[in-house]
Amino acid sequence: MNKVFDINSLARETVRNLVPYMSARRLGGNGDVWLNANEYPTAPNFQLTEHTLNRYPECQPATVIQRYAKYAGLQPEQVLVSRGADESIELLIRAFCEPGSDAVLFCPPTYGMYGVSAETFGIEQKKIPVSTDWQPDITAIKNNLDRVKLIYICSPNNPTGNLIDPAALRQILELARNRAIVAIDEAYIEFCPQHASTQTTTRWLQDYPHLVILRTLSKAFALAGLRCGFTLASPDIITLMLKVIAPYPLATPVADIAAQALTETGIRTMQNRAAEIVSNRTYLQQSLNNLTLVETVFPSETNYILVRFTDAELVFKSLWDQGIILRDQRKQPGLENCLRITIGNRNECEKLVNAISTLSNQTQPIKETENP
């Protein structure tokens with residue numbers, strides 16, 4: 001009997017050994033309170049206005065580019081639109097990194113796709129753990145820049161929720177000048193509007209030609225299912241990325257809805273939505289701080305919070321069984337007993353607090369009564 005041919009033998013060794021990024025949807029779960037993917041809890045309402053689906057779309061839809069450029073305070077030639085910021089992460093590697101010789105650098109715990117994308121293309125990864133305050137270790141980064149062509153910094157960082165100190169970002173940009181691209185991932189920047197005048201990096205583009213900023217419509221714009229992200233950079237970097245992007249990265253319906261979301265009315269709606277999430281975030285942080293199973297509720301500038309529990313496995317599994325789905329972060333470096341919780345609507349937040357409160361009461365040690 002002939003041996004069945006193993007198709008895996010034809011695959012690249014890198015792909016055979018690759019551990020894929022496990023998105024919230026791939027991890028599954030069965031519930032009605034989804035607090036594991038940093039999504040907005042309510043679907044926005046848009047109607048399609050473009051019906052020319054028999055034609056290929058523009059590679060870079062002009063209306064979308066122009067409106068996002070206006071929103072970001074930039075020129076259209078400084079903006080590229082793609083299938084989510086995830087595609088931008090990959091495009092930067094394809095444009096700037098040579099397999100077998102170049103490396104990318106990032107600072108765990110952070111977003112997992114930096115590593116997965118690098119590994120997929122056979123690019124070395126230099127993982128420089130953050131300091132105890134979850135800020136970049138500048139000295140360690142300086143000592144590990146050999147062959148580094150691309151640096152990813154997530155700010156606010158996923159999953160820790162903290163902004164990166166602007167002074168640290170500038171230090172990294174200076175260290176990388178004339179040698180590497182620095183990509184600052186700002187997927188959650190709209191949830192810290194109070195920092196907009198001091199923290200936004202878009203105005204730095206004129207000073208740092210090697211700076212790239214990644215943005216998305218998935219979070220504050222409540223369009224995770226649309227898959228629409230943006231790269232903000234110098235025209236030279238945008239031109240290079242356009243050489244390696246797919247011919248038609250944005251479907252016509254995606255461009256149609258993205259353009260609607262980026263009108264003045266759409267942006268005001270987004271800002272109101274972000275304010276609602278920030279209010280619910282404050283409620284959830286304060287409520288969880290009072291529960292015995294909660295060890296630490298970390299500060300956050302995002303639409304999620306990171307929480308360290310006394311027994312994260314117990315909390316995660318108990319809530320999972322009740323249909324309240326959280327994101328387990330215990331395998332990330334430095335995040336023992338930590339779960340990441342997306343900020344839902346107020347009803348979802350209350351359900352979460354009540355479920356953990358009940359579990360806390362059930363696990364309280366029974367105190368021995370003294371003999372009368």
Side-chain angles (χ1 to χ4, degrees), residues 23-25 34 36-50 57-74 76 78-92 111 113 154-158 183-193 196 200-202 212-233 238 241 245-246 248-278 301-304 342-345:
S23 67
R25 292 296 169 266
W34 294 92
N36 64 335
N38 302 340
E39 303 152 318
Y40 186 70
T42 306
N45 185 26
F46 290 98
Q47 300 297 320
L48 289 179
T49 62
E50 290 287 343
E58 296 176 89
C59 176
Q60 294 291 288
T63 302
V64 176
I65 293 291
Q66 289 165 4
R67 289 182 180 175
Y68 201 88
K70 181 180 178 182
Y71 168 63
L74 299 173
Q78 295 175 284
V79 179
L80 177 140
V81 64
S82 61
R83 291 168 289 196
D86 287 332
E87 185 175 26
S88 291
I89 290 168
E90 182 177 300
L91 289 174
L92 288 169
Y111 184 41
M113 279 305 297
C154 191
S155 180
N157 187 44
N158 179 11
I184 302 178
D185 187 342
E186 294 187 341
Y188 300 93
I189 198 67
E190 282 89 1
F191 295 105
C192 43
T200 184
T201 53
T202 52
V212 171
I213 301 163
L214 306 182
R215 297 279 189 85
T216 184
L217 298 188
S218 295
K219 311 305 180 183
F221 283 90
L223 290 170
L226 199 66
R227 308 311 303 129
C228 183
F230 296 89
T231 303
L232 313 178
I238 298 298
M241 294 178 71
I245 201 169
Y248 312 108
L250 231 60
T252 296
V254 173
D256 185 354
I257 294 172
Q260 294 177 52
L262 290 166
T263 61
E264 291 184 7
T265 299
I267 290 169
R268 283 196 300 270
T269 299
M270 175 276 293
Q271 291 167 338
N272 291 335
R273 189 183 293 122
E276 171 205 350
I277 292 296
V278 169
E301 299 285 356
T302 65
N303 67 337
Y304 56 86
T342 302
I343 310 301
N345 59 37

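Within the 4.5 Å cutoff, the side chain of E58 has no heavy atoms near those of the Y248 side chain. Two residues are said to be in side-chain contact when any heavy atoms from C-beta on lie closer than 4.5 Å; C228 and V254 meet this criterion. Residues L214 and I184 fail the side-chain proximity criterion, which asks for heavy atoms closer than 4.5 Å. Side-chain contact between N38 and T302: absent, with no pair of heavy atoms (C-beta onward) separated by less than 4.5 Å. Within the 4.5 Å cutoff, the side chain of L223 has heavy atoms near those of the P44 side chain.
Atom CG in D185 sits 9.0 Å away from atom OG1 in T216 (nearest 0.5 Å). Taking CD1 of I257 as the start and CG of L217 as the end, the distance is 10.5 Å to the nearest 0.5 Å.
Side-chain contact of Q260 with D256: a donor-acceptor pair under 3.5 Å is present, judged by distance alone. Side-chain polar atoms of R227 and S218 form a donor-acceptor pair below 3.5 angstrom. If you check the side chains of E186 and T201, you find a donor sitting under 3.5 Å from an acceptor.
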Report task. Please assess L232 against Q78 for the test side-chain contact (heavy atoms from CB on, under 4.5 Å), listing each intermediate value before the final yes or no. Result -> CA-CA 6 Å; L232 313 178; Q78 295 175 284; 5.9 Å; no

Query raised in the report: Going through the distances and angles, do I213 and T231 end up as a side-chain contact (heavy atoms from CB on, under 4.5 Å)?
Result: CA-CA 6 Å; I213 301 163; T231 303; over 6 Å; no

Report task. Carefully, step by step, assess E190 and Q271 under the rule side-chain contact (heavy atoms from CB on, under 4.5 Å). Result -> CA-CA 8 Å; E190 282 89 1; Q271 291 167 338; over 6 Å; no

Query - side-chain contact (heavy atoms from CB on, under 4.5 Å) evaluation trace for I245 with E87 - result: CA-CA 9 Å; I245 201 169; E87 185 175 26; 4.0 Å; yes

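Of all heavy-atom pairs between A220 and M270, the closest is O-CG, 3.3 Å. Across I277 and P41, no two heavy atoms sit closer than the pair CD1-CD, 4.2 Å. Of all non-hydrogen atoms in L80 and M241, the two that sit nearest each other are CD1-CB, 3.9 Å. In this structure, A72 and T202 approach most closely via the heavy-atom pair O-OG1, 3.8 Å. When every heavy atom of K219 is checked against every heavy atom of A37, the shortest pair comes out as NZ-O, 3.9 Å. The two atoms that bring Q66 and P76 nearest to each other are CG-CG, 4.4 Å, heavy atoms only.
Checked against the 6.0 Å centroid threshold, Y188 and Y304 count as a close aromatic pair.
Checking each of Y71, Y40, F46, F230 against F221 for a ring pair (Phe, Tyr, Trp, His ring centres under 6.0 Å) leaves exactly one that passes, namely Y71.
Between E264 and K70 a salt bridge is recorded (basic side-chain N to carboxylate O distance below 4.0 Å).
Of the possible polar contacts, none joining the R67 side chain to the T263 backbone as a donor-acceptor pair under 3.5 Å is found. At distances below 3.5 Å, not a single donor-acceptor pair connects side-chain atoms of D86 with backbone N or O atoms of S88.
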